[in-house]
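Some notes on the structure that comes next.
So you know, we letter chains A, B, ... as the sequences are listed, proteins then strands, and number each from 1.
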Amino acid sequence: MNDMTPDREERSANLKGLGCSRKRVEDARFTQGKGNYVDDIKLPGMLHGDFVRSPYAHARVVSINKDAALELPGVVAVLTAEDLAPLNLHWMPTLAGDKQMVLADGKVLFQGQEVAFVVAKDRYIAADAVELVEVEYEELPVIVDPFEALKTDVVLREDLAGQTEGAHGPRKHHNHIFTWEQGDEATTNQVLDDAEVVAEETMYYHRTHPCPLETCGSVASMDKVNGKLTLYGTFQAPHVVRTVASLLSGIEEHNIRVVSPDIGGGFGNKVGVYPGYVCSIVASIVTGVPVKWVEDRMENLMSTAFARDYWMTGKIAATKDGKITGLHCHVTADHGGFDACADPTKFPAGFMNICTGSYDIPVAYLAVDGVYTNKAPGGVSYRCSFRVTEAVYFIERMIEVLAIELNMDAAELRRINFIKKDQFPYQSALGWEYDSGDYHTAWEKALKTVDYEGLRKEQAERVEAFKRGETRTLMGVGLSFFTEIVGAGPVKNCDILGMGMFDSCEIRIHPTGSAIARLGTISQGQGHATTFAQILASEIGLSADSITIEEGDTDTAPYGLGTYGSRSTPVAGAATAMAGRKIRAKAQMIAAYLLEVHDDDVEWDIDRFVVKGAPERFKTMKEIAYAAYNQAIPGVEPGLEAVSYYDPPNMTYPFGAYVCVMDIDVDTGVPEIRRFYALDDCGTRINPMIIEGQVHGGLTEALAVALGQEIAYDDLGNVKTGTLMDFFLPTAWEVPNYETDHTVTPSPHHPIGAKGVGESPHVGGVPCFSNAVQDAFRAFGLRHTNMPHDHWRIWQTANRLGLHD
Amino acid sequence: MELKDDITINAPKSVVYAALNDPEVLRQCIPGCEELIKHSDTDLEAKVVLKVGPVKAKFSGAVVLDTAGAPDAFSLTGQGNGGAAGHAKGGADVTLEEVDGQTILRYDAKAEIGGKLAQLGSRLIQSTAKKLAANFFTKFADVVENVDA
């Protein structure tokens, strides 16, 4: 070797592999306006669809008159349930084992429900024709309160009349969907009865919406000559959409190609299957030309999948000195008119049973009752793994309430109850095996960085100054410590519509030493093309810059379950590493042949195989790739390709410690976020820059949900927050500076130790912002108040506590 | 949504009461009213163009009058449908009191709004309704006083 030969450190850096803050390769096209989203797709002869939607939340559809609409020049067709019925497509299955009307079949169950689908030559004509469709409704009593729904004689789902058994067990009432129970009820109740201290609280985690910048849409193109259906759409799980489309339409799966192009944010909103997708397919089959459907913002907010809407009642038992002995949680879950919750089949309330949080709680019980109401269907995991945001909010509020009950510092209460490092893998009372964690180290680091003691001292002084009339602002110190459960999931217990939740990666190494890898996932902004290339670079010794990552086309990508619930890195990322290792195993045989030694006599070194004990003799991955295509190697097939389908042995459990310092003006209700510190432990860190971006995004959506974002209904079932004027989407104006930090506790079962991070900041952020608001008023007797903490509600809290007197 | 107010009209009670039952007077006074047909003494049919925030739509509706309290009180209920724009229903109780040849008209109205109108206009609807009611009664007083003169 001479001075020109790069040293090991340099070779490693050249790969831009794990740990490199490599710039996002996607951004060149996004920042230049060259992205290709569904609405950018324009096919020859394409028609446009638009929906007639119900203005009523609950009504019988007496008649639909299409005549005036059909007379409008440019209108091609108006589809109603009657037209879809012969194809058996007027209803469709939901991901939760229920069924949902594609177009109103005799009645409507929520405002904005799809009643008729107008197909016209352009989007404007379609919208005009929508107004010409005359629908006669007969109003029915509207039920928007899930507790009322369980008492009333009003039957929402007449199609289920008499069915006492649903997809998830017995139904107790005609508006009841399921009861899901986990844990040990009898022992939990016994512990509560015998406890020295019990804290109880009921909290409402309001209905909100992921509201991605790009709304949902699809373009269906049925080629009647070759019998092939191509479906472009905003799909977070394109392969599942292909399977469902095949099962519903009867078109053989090989004749369906589903393509997710660039997606402008998903956050769970694009997991479900919507009537618009079905109608665009049917319309294309009927008309023989491509049909596009793209919803507008109001349609997105009022009809596609919402998130949360959980009424949670908790009881937490503890000793006088703060050791938690048991936890009881009951949830009344408002699922709207149809149960279209997007969860793995066996988990009708998602992973709500992670609600014991980061604490060593010996016994617990959880029951969730799903209920029908006259609201839009959905129930997606908005930037979180399935219902984990609800679970973490619940436990982090219960901890605060218990701290009040015990008159104890909430940071100390957490400290004495954390699962200890040596308890991992930890078996939780509600059935999960936490793979790894080091909570105390993260907590101490967080508290030290923000000078927690100093903050509490300042807060106490502020309270005194407020009482003396010297200030009108209060200070809140919001704490949260969360454990996420992501990477769904093991095929043995996780499936979507029967499809096991594995994921996949297929790699082809080209002769000149570059590569393409295709995955079963689909980026919606996460930066997969950047990070998955980094995983592979470290595994196979080719620079990330020489690796193309492709996702979203079911004709080329291997089958996978898609991207949501922070599953891409834990599952498809693992598949990528495993496929890379298969490449490396074959490369080892080729290298050994080229170096004329036995396979076992070479070893891997960053980007090459070297002869053991003779490092000057080596073959780089580039040389090996070329040899794979130009040499006849005895016993080795030509080419260098691999595919891996990865079934994860367990979930991964990222965690984090967040602190928010807030100043609240009690006279205006305006909170000012002075400081936000976020420590995340997502195991092995693939690209720190992307992690930081993910944390900023997740925290901003957490701020939105905690401080104002909601889907609100009035008593008549009108959506009161149907536009961005009323639905809070934070801008740079509301968003504070975030400080990010980390610890690294690799997952023991993941091939590279990574755990997923995209959703952690949302999961941990919501309770942190909420706790900060509530903590500001703790000294004045506040125990709990529901989100969203908008200015008006904060003002009301201050008023109720007599702070305006 | 509830609206409550009063207005003093420079005309005797009997004149005011008669005007309240006169479809032609009502047509002139109801903001955006294009058509008002009297089917009987108590049943009316109306076509009204309404604009709330970004929603503008033609509402057609039926109004039923309750004249049992004549000439001191008067109430009406109605419902209207604006198709894709939404729908509304409501009612109003009106009392008339004569003081020194003038009539004090008090109204107490309730309305329920649904559909796009409620979604888009939720923050505008109360103020719009107030304005419409004020427009109606100002015009009404004007018409009645001029007829009288």
| Listed by residue number, which members of residues 91-108 of chain B have a heavy atom under 4.5 Å from any heavy atom of chain A? |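 The residues closer than 4.5 Å to chain A amount to none at all.
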| Which residue, A:Glu158, A:Glu139, A:Glu138, forms the salt bridge (charged side-chain N to carboxylate O under 4.0 Å, His left out) with A:Lys107? |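 Single salt bridge (charged side-chain N to carboxylate O under 4.0 Å, His left out) partner of A:Lys107 among A:Glu158, A:Glu139, A:Glu138: A:Glu158.
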Checking [Y] against [X]: is there a side-chain donor and acceptor pair closer than 3.5 Å?
X	Y	value
B:Glu45	B:His39	yes
B:Glu145	B:Asn10	no
A:His335	A:Lys375	no
A:Tyr382	A:Gln709	yes

| query | Quick check: does any side chain N or O of A:Asn374 sit under 3.5 Å from a backbone N or O of A:His58, one acting as donor and the other as acceptor? | reply | no
| Around atom CD of A:Glu82, are there more than 12 heavy atoms of other residues, nucleotides or ligands at under 6.0 Å? | no
| request: Taking atom CG of A:Asn799 as the centre, report whether more than 12 heavy atoms of other residues, nucleotides or ligands fall under 6.0 Å from it. | output: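 Enclosed.
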| field | N-O pairing of A:Lys66 and A:Glu71 below 4.0 Å | value |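 No salt bridge links A:Lys66 with A:Glu71.
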| task | May I ask you to say whether B:Lys13 pairs ionically with B:Asp72, meaning some side-chain N is under 4.0 Å from a carboxylate O? | result | yes
| field | Residue part contacting chain B, namely of A:Met725, when any heavy atom lies under 4.5 Å | value |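 Looking at A:Met725, backbone and side chain both touch chain B.
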| note | Within residues 110-136 of chain A, contacts to chain B at heavy-atom distances under 4.5 Å involve A:Gln111, A:Glu131
